[in-house]
Enquirer: 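Have a look at this one before I ask anything.
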Amino acid sequence: MSRSVRVFVPRETAAVSLGADEVAVALESAAQRNHGMAVELVRNGSRGLSWLEPLVEVETGGTRTAYGPVAPEDVDGLVAAGLFEGGTHALSLGPAEKIPYLATQQRWTFRRVGIDDPLSMDAYRAAGGFEGIGRAFELGPSAVLEHVIESGLRGRGGAGFPAGIKWRTVAAATADRKYIACNADEGDSGTFSDRILMEGDPYTLIEGMLIAGYTVGAHKGYIYLRSEYPLARRILGQAIANAREHGWLGTNVRDSGFDFDIELHLGAGSYVCGEETAMLESLEGKAGLIRYKPPLPALEGLFGKPTVVNNVVTLASVPDIVRLGGAAYAALGSGRSKGTLAFQLAGNVKRGGLVEIPFGATLRSLIEDWGGGTASGRPVRAVQVGGPLGAYLPDSLLDTPLDYEAFAAAGGMIGHGGIVVFDDTVDMAAQARFAMEFCSVESCGKCTPCRIGSVRGVEVIDRILGNQDRAANLELLDELCETMVQGSLCAMGGLTPYPVKSALKHFPGDFEPRSGGKR
Amino acid sequence: MTIRYDKAIASEIIAQHGAKPEMLVQILHGFLERYSFISDEAVRQIADELNLSRADVHGVVSFYHDFRRQPAGKVVVKICQAEACQAMGSRELTAYAEKKLGLKVKDTASDGSVTLEPVYCLGNCACSPAVMINQRVYGRVDAACFDRLLASTEDA
Ligand SMILES: Cc1cc2nc3c(=O)[nH]c(=O)nc-3n(C[C@H](O)[C@H](O)[C@H](O)COP(=O)(O)O)c2cc1C
Ligand code: SF4
């Protein structure tokens, strides 16, 4: 009897961006040429060890041996070294689960990601999938709500608002229709956890939305996905179709008497459409102009109806909270930051990827212990956490613990958990200028401090660097930042001054006049 | 490479999305996929079929970066301009690409061969700098890699 070997090659953007599709093709043809054995090629999600992608795994006798990073031209050598038997090679990494980067994590939301074919319903169910919604149907909406509240789960999209409290507001509202709107716009540079989840375990998001709908009494969900994620779109689209076919979406979901369906919408390259009210406008087919709050979207959201707006990771954390109980989640974390966060190590970092751990570790430990320092091998100079609206932090602040409150006290923002590392070649005045420029490009234009202030901000920084009326222009920049913070309608204009002011505060030398162009 | 505008097909794209105003952004994506840009004819027909004013449709089109008003080149190259890629040299890569292609960002070559565009985050931030060519993402793109990718689009 021929033995069957399972070989895993991720079908995930980072892996594919480095040749995973070509590796998969090469492995298949090598298997046909050289071996009588049946090789089953599985396109899994990514384990999030992006620096090792394409990370190939071979399952033999219950262990999964990892190899990486594998280029298409490595395949023949790997096969010759006995890849299909889990043989050793210069690219061997040993058992996948034992790779320290992964073994030291505590996966909750991402526990299934990278393990199997993300579109296989059988694999999903075998790994506890749909047990959360099953339990929810047994418990009933109000008990589910208690679990979500007890878990302490806070929104992972940026603002960190308690999910259970938001759900309670929507549940208590009376209306003929309510909606679940999943924010999959993931606009922050340095973030990709939503994408890894949607590409690697899309049914978890669908299940989270089902639970949200059941809890608050909504029968329709929307996923607002950024258009820059074509692979996530394909995988998610297929997952929704499969879920419908298997009765997990549609009328009378699995004979529960509960109706729920999901529609996938694409964004169109606008950063500000990640802000929840702009997203709702965009979902209604309009330009993404920010709405005044109140009314809260929880009371008057999509099409004026009560709406739960939650980030992908927020919703995807829910199935296991219901399955294992709110207390199990709340037992992890630090202070008022309960549970885990999937941090993303990005930019100039040696081992970039996704690290899901309980709140409370320090930024330094993430960058050094997991990240291994910079990719360039040069010293770390600045770190931006929380996306383009987050402050730039110098080395002296890297020991700040990553929990919402402690981090805010240090002038930072955890946001969606993106950590962008810069080495000592970074020009912080250029980064400050970019923050203003980005705001001017992405401003929705509804209020003056943001729309005009950001354009002025770029000009003033240029004048400072050009040594025109330095003192006066530095003062002007300060006032401009103050006006934006105080007078902007939303956090786009309101937070843009943070990267600018932090750059000025921690790296003043970079704003010295320049003699002729490049520093 | 420009595909001729066809009213019947345009109508079909609109109908696929239920011809409702709240589907406007999705409908525009449908046009973008087919025609690579949003033409004046498209704006007119969409406005008519959705019972919106042309100004309404135009307002939406101009709000979103994705909705080009000019035909794209045969090859569309997008280079990420956001922070994680900046930390790994995307500014230098962009300058290199501009020089190599003889184009500025947001321009299309006069022969319609290539369009160079900025993009703010492809979610490939652990493998920066990131580039998207015709909807496919590439990671850790340096100048030599950029040349190879371009050459491969010429063969295709
Ligand atoms: C300019 C701006 C951009 C934002 N972009 C996103 C985004 O891409 N994804 C996201 O989930 N939240 C984003 N947010 C936060 C949302 O407004 C909102 O707080 C979030 O979707 C709520 O979900 P959560 O409570 O689960 O985090 C953004 C906010 C602002 C001000
Ligand atoms: S701060 Fe900027 S993005 Fe926010 S509402 Fe005002 S103009 Fe729009």
Enquirer: Return the CZ to CG distance between A/Arg226 and B/Asp66, rounded to the nearest 0.5 Å.
Expert: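 Atom-to-atom, A/Arg226:CZ and B/Asp66:CG are 9.5 Å apart.
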Enquirer: When heavy-atom pairs shorter than 4.5 Å are enumerated against chain B, which of A/Glu284, A/Glu228, A/His265 gives the highest number?
Expert: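 Going by pairs under 4.5 Å, I would pick A/His265.
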Enquirer: For chain A, which residues from residues 21-43 of chain B lie under 4.5 Å away (heavy-atom distances)?
Expert: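 So the qualifying residues are B/Pro21, B/Glu22, B/Met23, B/Leu24, B/Val25, B/Gln26, B/His29, B/Glu33.
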Enquirer: Do you know which of B/Asn124, B/Val60, B/Leu50 has the most heavy-atom pairs under 4.5 Å to chain A?
Expert: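 Maximum pair count with chain A is reached by B/Asn124.
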Enquirer: With a 4.5 angstrom heavy-atom cut-off, could you sort out which part of A/Ala430 is near chain B: side chain, backbone, both or neither?
Expert: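 Both the backbone and the side chain of A/Ala430 come within 4.5 Å of chain B.
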Enquirer: Which bit of A/Leu345 comes within less than 4.5 Å of chain B, counting heavy atoms only: side chain, backbone, both or neither?
Expert: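 Contact with chain B is through the backbone of A/Leu345 alone.
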Enquirer: Between B/Cys145, B/Ala84, B/Cys127, who has the most heavy-atom pairs with chain A when the cutoff is under 4.5 Å?
Expert: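 Most pairs with chain A among the choices: B/Ala84.
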Enquirer: Check each atom of A/Thr191 against the heavy atoms of chain B and say whether the ones under 4.5 Å are side chain, backbone, both or neither.
Expert: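 For A/Thr191, the contact with chain B is made by the backbone alone.
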Enquirer: Select one option (side chain, backbone, both, neither) describing which atoms of A/Glu263 are under 4.5 Å from chain B's heavy atoms.
Expert: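 Just its side chain gets close to chain B.
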Enquirer: Please test B/Cys125 against A/Val420 for side-chain contact (heavy atoms from CB on, under 4.5 Å), starting from the C-alpha separation and ending with a verdict.
Expert: CA-CA 8 Å; B/Cys125 324; A/Val420 178; over 6 Å; no
Enquirer: If you look at every heavy atom in A/Gly190 and B/Cys121, which pair is closest and at what distance?
Expert: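 Closest pair (atom of A/Gly190, atom of B/Cys121, distance): N-SG, 4.4 Å.
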Enquirer: Would you say B/Tyr120 has more than 12 foreign heavy atoms packed within less than 6.0 Å of its OH?
Expert: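 Result for OH/B/Tyr120: enclosed.
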Enquirer: Between A/Cys273 and chain B, with a heavy-atom cut-off of 4.5 Å, which part of the residue counts as in contact: side chain, backbone, both or neither?
Expert: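 Just its side chain gets close to chain B.
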Enquirer: Around atom CZ of A/Arg233, are there more than 12 heavy atoms of other residues, nucleotides or ligands at under 6.0 Å?
Expert: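 Open: at most 12 neighbouring heavy atoms sit under 6.0 Å from CZ of A/Arg233.
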Enquirer: What distance do A/Phe192 atom CZ and B/Leu122 atom CG have between them, rounded to the nearest 0.5 Å?
Expert: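 Nearest 0.5 Å value for the CZ-CG distance: 13.0 Å.
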Enquirer: For a side-chain hydrogen bond (donor to acceptor under 3.5 Å, both in side chains) check, start with the C-alpha distance between B/Tyr64 and A/Ser227, then their side-chain angles and the critical distance, and finish with the verdict.
Expert: CA-CA 11 Å; B/Tyr64 294 97; A/Ser227 63; over 6 Å; no
Enquirer: Does any heavy atom of chain A fall under 4.5 Å from the side chain of B/Val137, the backbone, both, or neither of them?
Expert: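 Contact with chain A is through both the backbone and side chain of B/Val137.
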Enquirer: State, to 0.1 Å, how close A/Tyr229 and B/Gly123 come at their nearest heavy-atom pair, and which atoms those are.
Expert: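 Taking A/Tyr229 first and B/Gly123 second, the nearest heavy atoms are OH-CA, 3.5 Å.
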Enquirer: Sub-4.5 Å heavy-atom contacts with chain B: which residues of residues 433-441 of chain A show up?
Expert: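 Residues in range: A/Phe434, A/Phe438, A/Val441.
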Enquirer: Using a cut-off of under 4.5 Å for heavy-atom pairs, which of A/Ser17, A/Ser376, A/Gly352 has the most such pairs with chain B?
Expert: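 Top count of heavy-atom pairs under 4.5 Å with chain B: A/Ser17.
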Enquirer: Under a 4.5 Å heavy-atom cut-off, does chain B meet the side chain of A/Ile419, its backbone, both or neither?
Expert: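 For A/Ile419, neither part sits under 4.5 Å from chain B.
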Enquirer: At a heavy-atom separation under 4.5 Å, does A/Tyr271 approach chain B through its side chain, its backbone, both, or neither?
Expert: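 No part of A/Tyr271 comes within 4.5 Å of chain B.
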Enquirer: First locate atom CZ of B/Phe63, then atom OG of A/Ser270, and finally report the distance between them rounded to the nearest 0.5 Å.
Expert: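 Between B/Phe63 CZ and A/Ser270 OG, I get 4.0 Å after rounding to 0.5 Å.
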Enquirer: Between B/Arg91, B/Lys20, B/Lys78, who has the most heavy-atom pairs with chain A when the cutoff is under 4.5 Å?
Expert: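 That would be B/Arg91.
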Enquirer: Is it the case that atom CD in B/Gln16 sees more than 12 heavy atoms from other parts of the structure closer than 6.0 Å?
Expert: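 Yes - once you tally the heavy atoms of other residues, nucleotides and ligands closer than 6.0 Å, there are more than 12.
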Enquirer: Salt bridge or not for A/Glu22 and B/Arg136, using N-O below 4.0 Å?
Expert: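 Looking at B/Arg136 together with A/Glu22, the answer is yes, because their closest N to O distance falls below 4.0 Å.
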Enquirer: Which atoms form the tightest heavy-atom contact between A/Ser50 and B/Arg140, and what is the distance?
Expert: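 Looks like O-NH2, 4.0 Å.
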Enquirer: Counting heavy-atom pairs under 4.5 Å with chain B, which one of A/Gly269, A/Gly418, A/Ala268 comes out on top?
Expert: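 Sorted descending by pairs with chain B, the first entry is A/Ala268.
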Enquirer: Heavy-atom cut-off 4.5 Å, strictly under: side chain, backbone, both or neither for A/Asp188 against chain B?
Expert: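 The backbone, not the side chain.
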Enquirer: Is any residue of residues 93-102 of chain B within less than 4.5 Å of chain A by heavy atoms, and which ones?
Expert: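 The residues closer than 4.5 Å to chain A amount to none at all.
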Enquirer: Count the heavy atoms of every other residue, nucleotide or ligand shown that sit under 6.0 Å from NZ of A/Lys350, and state whether that count exceeds 12.
Expert: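 Open.
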Enquirer: Between A/Gly187, A/Gly353, A/Gly267, who has the most heavy-atom pairs with chain B when the cutoff is under 4.5 Å?
Expert: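 Among A/Gly187, A/Gly353, A/Gly267, the one with the most close pairs to chain B is A/Gly267.
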Enquirer: Using 0.5 Å steps for rounding, measure from the CD atom of B/Glu83 to the CD atom of A/Gln431.
Expert: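 Separation between the atoms: 6.5 Å.
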Enquirer: With sequence neighbours left out, what residues match B/Glu12 under salt bridge (Lys or Arg N to Asp or Glu O under 4.0 Å)?
Expert: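 Applying salt bridge (Lys or Arg N to Asp or Glu O under 4.0 Å) to B/Glu12 gives none.
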